[in-house]
Amino acid sequence: MIVSMSGGPSELILTDGGLPSMFRSADAASLAGQADTVRWSSLQLSMLVAGAVLGGVDIHLGNGLDLGALGQGPRSRVRQGRLRH
């Protein structure tokens, strides 16, 4: 769209309506993909922080299971730098 200005030369003003529909579709898909990426990255970061917090504390359940030592098995315990079974 060309708009004539009263005080100067004509300028080309391009709006979203002047763009091809394929561009608008690709732009919308790109924005949706970016939003999904941010959402999944924040979920990954939250899970990483939760894993670090649970791995750094001893939380014993009533059945003898230590939530902080889940990766080591239900009977393993780490106490004062030694691994006891």
Side chain S46, main chain S42, donor-acceptor under 3.5 Å:
yes
L45 reachable from V38 in the ILVMFWY side-chain graph, under 4.5 Å edges:
no
Would you mind checking if D36 and R39 are paired as a salt bridge, meaning a charged N to carboxylate O distance below 4.0 Å?
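Salt bridge between R39 and D36, a charged N being under 4.0 Å from a carboxylate O: yes.
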